[in-house]
Amino acid sequence: RAIIEAKRDAVDMIVTCDNIKYEKLIREAQKPMLIVKREYKEYKDILIPTDLTEKSKKSIEFIRDSFDAKFALVYGYESVTATMSMYDISYVDMVEYQGQNRDIAQKLLSEFEKEVGVEGELTDSSFSLPNGVLEYIEEKKPDLITVASHSSEESFFVGSMSSYLAKESPCDI
């Protein structure tokens with residue numbers, strides 16, 4: 001019913017609590033959502049995990065237009081260490097490749113920061129990317145997390161970063 005009303009009434013945002021099945025709302029309503037996990041407060045510190053895509057740029061534009069707050073990006077990249085440990089590669093080479101991987105990630109983030117006008121940080125994930133970003137969120141304790149969903153009417157990636165963070169983040173999202 002919420003999906004029908006959101007489309008019919010052309011709402012700008014759907015606000016919900018975290019104990020409903022919001023994945024269906026994300027997939028079918030195609031509207032920005034605010035999932036309130038704790039008591040609402042004014043959002044002053046907003047963290048934006050990004051994958052550097054166009055959808056991420058659009059979500060940043062939306063959130064900047066919607067809230068008067070301090071914004072920060074976090075770009076998580078997977079450490080090559082976990083992958084390389086499966087191969088016969090020397091520790092010295094592994095360290096070198098890891099440094100090169102980080103340099104590339106930093107360059108990509110710097111270019112994205114210039115495009116969207118928001119500064120950010122890298123977080124590397126030696127275990128898994130979603131866990132690394134979640135650990136970063138838990139450490140920084142922002143008021144709100146903003147993620148871009150890669151859902152569309154044709155497909156929805158239930159295991160995506162946005163879905164994972166929506167479920168696991170201790171912050172409103």
Can you tell me how far apart CD (Gln106) and CG (Asn101) are? Round to the nearest 0.5 Å.
12.0 Å
Assess whether a salt bridge exists between Glu139 and Lys141, defined as any Lys/Arg side-chain N lying under 4.0 Å from an Asp/Glu carboxylate O.
no
Gap between atom CG of Asp51 and atom OH of Tyr75 - 0.5 Å precision:
8.0 Å
Enclosure of Lys58 NZ (heavy-atom neighbours >12, cutoff 6.0 Å):
no
Pairing residues for Ser66 by the side chain to side chain contact (heavy atoms under 4.5 Å, CB included) criterion, not counting sequence neighbours
Phe62
Residue from Thr50, Val147, Thr146 passing side-chain contact (heavy atoms from CB on, under 4.5 Å) with Ser56
Thr50
Over all atoms of both residues, closest heavy-atom pair of Leu134 and Ser169
CD1-CA, 3.8 Å
If you apply the rule side chain to side chain contact (heavy atoms under 4.5 Å, CB included), what do you find for Lys44 with Glu42, and how did you get there?
CA-CA 6 Å; Lys44 289 293 180 186; Glu42 188 173 3; 3.2 Å; yes
Is there a donor-acceptor pair closer than 3.5 Å between any side-chain N or O of Asp143 and the backbone N or O of Asp45?
yes
Kindly give the heavy-atom pair with the smallest separation between Asp172 and Tyr43, and that separation in Å.
OD2-OH, 2.6 Å
Residue pair Ile63 / Ile48, side-chain heavy-atom distance below 4.5 Å:
yes
Do Leu144 and Leu34 have side-chain heavy atoms sitting under 4.5 Å apart?
yes
Determine whether more than 12 heavy atoms belonging to other residues, nucleotides or ligands lie under 6.0 Å from atom CG of Asp103.
yes
Ignoring hydrogens and angles, write down the donor-acceptor pairs under 3.5 Å from the side chains of residues 114-122, residues two or more places apart or on other chains.
| from | atom 1 | to | atom 2 | distance (Å) |
| --- | --- | --- | --- | --- |
| Glu115 | OE1 | Lys57 | NZ | 2.2 |
| Glu121 | OE2 | Tyr136 | OH | 2.8 |
| Glu121 | OE2 | Lys140 | NZ | 3.4 |

So do Ile145 and Ile46 actually touch side chain to side chain, heavy atoms under 4.5 Å?
no
Locate the shortest heavy-atom distance separating Cys171 from Pro142; write the atom from each residue and the value.
SG-O, 3.4 Å
Distance, nearest 0.5 Å, that separates CG of Leu47 from CD1 of Ile173:
9.5 Å
Which atom pair, heavy atoms only, marks the closest approach of Lys37 to Lys167?
NZ-O, 3.3 Å
Using every non-hydrogen atom in the two residues, find where Val133 and Gly76 come nearest and quote the distance to one decimal.
CG2-CA, 4.1 Å
